[in-house]
Amino acid sequence: MSPQASTFAPFRHTAFRALWTATLISNFGGLVQAVSAAWLMTQLTTNATLIALVQASNTLPIMLFALISGALADIFDRRQIMMAAIAFMGLMSAILAFVAWTGAITPWTLLAFTFLIGLGQALYNPPWQASMGDLVPREDLPQAVTLNSVGFNLMRSVGPAAGGLIVAAWGAAVGFMVNAFSYIPLLIAMSRWRPDYPQRTIAREPFVSAVGAGLRYVALSPNLVRVLTRSTAFGLSAAALMALLPLVAKSHPEGGSFLFGVLLGCFGAGAIIGALTNTRIRARMNNEWVVRFSTAIFAASAILVGVTDSVWAHALAMFPAGLAWVLTLSLFNVTVQLSTPRWVVARALALYQTVTFGGMAAGAWLWGAVAEASGVDEALIGAGIGLLITCLIGLALPMPDFSQSDLTPANRFREPELGLDLRGRSGPIMIMVDYHIAPKDTKEFLSLMVKRRDSRRRDGARSWVLLRDLEKPDHWTESYHIATWDDYIRHNSRRTVSDTVVTEALTQLHQDEGYPPVHRLIERHDAASHADVPLRGKIDLP
């Protein structure tokens, strides 16, 4: 992947163009919805915590349900899941508009509907982010993520101001209805898209198992753990500025829904600049310095908003805040996508969104409580200091650079012909691989086996061990367990091109001709004859 690749390269792909354009309209409606909800809450209550919870109620569902959505997206048709989520969000927005129009809205009703719309977003986000790899080739993936940010923030530069005008002229109910109608073009574009998903050759992974596989893969991937830790820390303090912005706008004598929209528009304009320049910035800095640089900028913006009462200073501070927001979050997103194979990418992105938006939801509540107790300015200054402290995390957990590993499926595995009549759920299965290694190659062999162990465990192996023959020290055996035969087939289908590099290197060290022999065994914990598995083609008589 070249860092100098054109930001607009993904527009060469027709499906990406169509969905990007429809998403632009949906983003406009979503931002009008956000302004309408945030400003309506200031009219319903003066409680700073409840006002900040509008932001939290929109991000909390992503923290709670994104992993479920990610697992579903990796198991089932992503397009169908996204269409269901779009229809649900449109319906909830329409009902909210009706409730607001009738005057029956209360602070808790507003939070409940905001939560439900956020729930739809939680169902939509992981499959949509994972679909970038279905819409564009790998070399265009960072640019596709960037253009997503450009589209959202292009609307953020005009949507909030338009939302403020709509609320001022016609009320929040009209803003909610605008959002409901904005989903229609996206639903149409999604229904016309025909993604070329790989044909399924094995049984679908059970849902609970899929969730566990996603958690296991991320937990055993040091690069992903670093990204998730840094994104959580960033979201926890960065959420303060967006959550408390309605109160900042309301604090001005000339404040109102329009000023709130203008401040959000300044944030969006800065974000567009950040999205359009991040390719150049990444070319001049490594990923760690990009995160430190952008986090420090966002911290300075939050502190500036906290220490000054000037409308112009507040508007000016929102530009670099938007730039820093996009630089940081798009870098986190791209790093996750490029560090994860396709079979688990939706779950990895879901976990990333879970911890990031979880941090934002917790941050919105935390800094809202601080604002209620000590004041909005103090909360913003405290959040800015918190962001500066998070820069120090990079000393212990620096951001990884983009993975150069080829994570496309190797597609080399062929299911062996078995002598026993196994079913997909038969197991447990024990795998043993024998190696004959010359003493002089032992050090290199052990180094390769560390990589082999890590990839086996990420792909579902359990109880992995490496055995050495006491009588023939140049003979080694790799052993691990898989729960069922279906899981074993699934385990091997997850092997990537990068994994095969390790396999070939081990084969070169193996002293005997051909590949190291593999033994596939089914465990028995009962010696009774009736507990045996029948030979293939034969039937045990009672």
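All values reported here derive from a predicted model rather than from experimental measurement.
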* At their closest point, which heavy atom of M360 faces which heavy atom of A239, and how far apart are they? -> O-CB, 3.3 Å
* Asked: Does atom CH2 of W365 have more than 12 heavy-atom neighbours, drawn from other residues, nucleotides or ligands, at distances under 6.0 Å?
  -> no
* Asked: Between W20 and F11, is there a donor-acceptor pair closer than 3.5 Å when you use the side chain of the first and the backbone of the second?
  -> no
* Ignoring hydrogens and angles, tell me if any N or O in the side chain of N179 forms a donor-acceptor pair with the backbone of G30 under 3.5 Å. => yes
* Do you know which of N148, L349, I81, L186 makes side chain to side chain contact (heavy atoms under 4.5 Å, CB included) with W128? -> N148
* Where is the tightest heavy-atom contact between T308 and S310, given as atom of each residue plus distance? -> OG1-N, 3.2 Å
* Asked: Looking at side-chain heavy atoms only, is the closest gap between L135 and W193 below 4.5 Å?
  -> yes
* Asked: Could you walk me through whether S93 and I117 pass the side-chain contact (heavy atoms from CB on, under 4.5 Å) check?
  -> CA-CA 7 Å; S93 297; I117 294 171; 3.6 Å; yes
* Asked: Would Y124 and M89 count as a side-chain contact (heavy atoms from CB on, under 4.5 Å) if you check the C-alpha gap in whole Å, the side-chain angles of each, and the deciding distance to 0.1 Å?
  -> CA-CA 10 Å; Y124 179 82; M89 289 187 286; 4.2 Å; yes
* Note, I281 side chain near L327 side chain (heavy atom, < 4.5 Å) -> yes
* To do: Assess whether atom CH2 of W289 is packed by more than 12 heavy atoms of other residues, nucleotides or ligands within 6.0 Å.
  => no
* Structure fact -> Closest non-hydrogen atoms of A315 and C266, given as atom of the first, atom of the second and distance, are O-CB, 3.7 Å
* Validation row: L50, W108 side chains within 4.5 angstrom (heavy atoms) -> yes
* Quick one: do the H314 and D309 side chains pair a donor with an acceptor below 3.5 Å? -> no
* Pair F176 + F98: ring centers closer than 6.0 Å -> no
* Asked: Please walk me through it: do R79 and D134 pass salt bridge (Lys or Arg N to Asp or Glu O under 4.0 Å)?
  -> CA-CA 11 Å; R79 174 174 158 273; D134 302 319; over 6 Å; no
* Asked: Taking side chain as C-beta onward, heavy atoms only, is V227 less than 4.5 Å from P400?
  -> yes
* Asked: Is a side-chain donor or acceptor of R347 paired with a backbone partner of V211 at a separation under 3.5 angstrom?
  -> no
* **L123 and L119: CA distance, side-chain angles, deciding distance, side-chain contact (heavy atoms from CB on, under 4.5 Å) verdict** => CA-CA 6 Å; L123 184 63; L119 177 61; over 6 Å; no
* Is a side-chain donor or acceptor of R78 paired with a backbone partner of D74 at a separation under 3.5 angstrom? -> no
* Side-chain donor or acceptor of S301 paired with backbone N/O of A317 under 3.5 Å -> yes
* Show the numbers, then the answer: is there a salt bridge (Lys or Arg N to Asp or Glu O under 4.0 Å) between R12 and D140? => CA-CA 10 Å; R12 295 176 299 182; D140 291 339; 2.6 Å; yes
* Asked: Quick one: does L338's side chain get under 4.5 Å of V334's, heavy atoms only?
  -> yes
* Asked: Which is it for M41 and L111 under the side-chain contact (heavy atoms from CB on, under 4.5 Å) test, yes or no, and what are the steps along the way?
  -> CA-CA 9 Å; M41 185 62 85; L111 288 177; 3.7 Å; yes
* Would you say the side chains of N333 and Q337 form a donor-acceptor pair under 3.5 Å? -> yes
* To do: Determine whether the side chains of S26 and S182 contain a donor N or O and an acceptor N or O closer than 3.5 Å.
  => no
* **Donor-acceptor contact present, side-chain S374 to main-chain A371, <3.5 Å** => no
* Asked: Should E288 and R282 be marked as a salt bridge (Lys or Arg N to Asp or Glu O under 4.0 Å) after you check the CA-CA gap, both sets of side-chain angles, and the distance that decides it?
  -> CA-CA 10 Å; E288 174 58 29; R282 289 201 307 263; over 6 Å; no
* **Side chains of W367 and L241 in contact at under 4.5 Å (non-hydrogen atoms)** => no
* Can you find a pair of side-chain heavy atoms, one from L380 and one from V307, that are under 4.5 Å apart? -> no
* Please report the closest heavy-atom contact between T102 and V99, naming both atoms and the distance. => OG1-O, 2.8 Å
* Nearest heavy-atom pair of A180 and G90: which atoms, and what distance? -> CB-O, 3.7 Å
* Structure fact -> Taken to the nearest 0.5 Å, the spacing of T14 OG1 from R192 CZ works out to 13.5 Å
* Relative to each other, are the rings of F234 and W325 parallel, tilted or perpendicular (30° and 60° limits)? -> tilted
* Which atom names give the shortest non-hydrogen contact between A249 and L259, and what distance separates them? -> O-CD2, 3.7 Å
* Mind checking the CG-OG1 spacing from L96 to T114? Nearest 0.5 Å is all I need. => 6.5 Å
* Please check if the side chain of S294 supplies one atom and the backbone of V291 the other of a donor-acceptor pair under 3.5 Å. => yes
* Asked: Taking atom CG of L245 and atom CD1 of I51, what is their separation to the nearest 0.5 Å?
  -> 12.0 Å
* Sub-4.5 Å side-chain heavy-atom contact between F115 and L64 -> yes
* To do: With rounding to the nearest 0.5 Å, note down the distance linking CZ in R230 to OG1 in T390.
  => 7.0 Å
* Looking at OG1 of T109 and CZ of F113, how far apart are the two atoms once the value is rounded to the nearest 0.5 Å? -> 7.5 Å
* Rounded to the nearest 0.5 Å, how far apart are CD of Q43 and OG1 of T45? -> 11.0 Å
* **Within 6.0 Å of CZ in F207, more than 12 heavy atoms from elsewhere** => yes
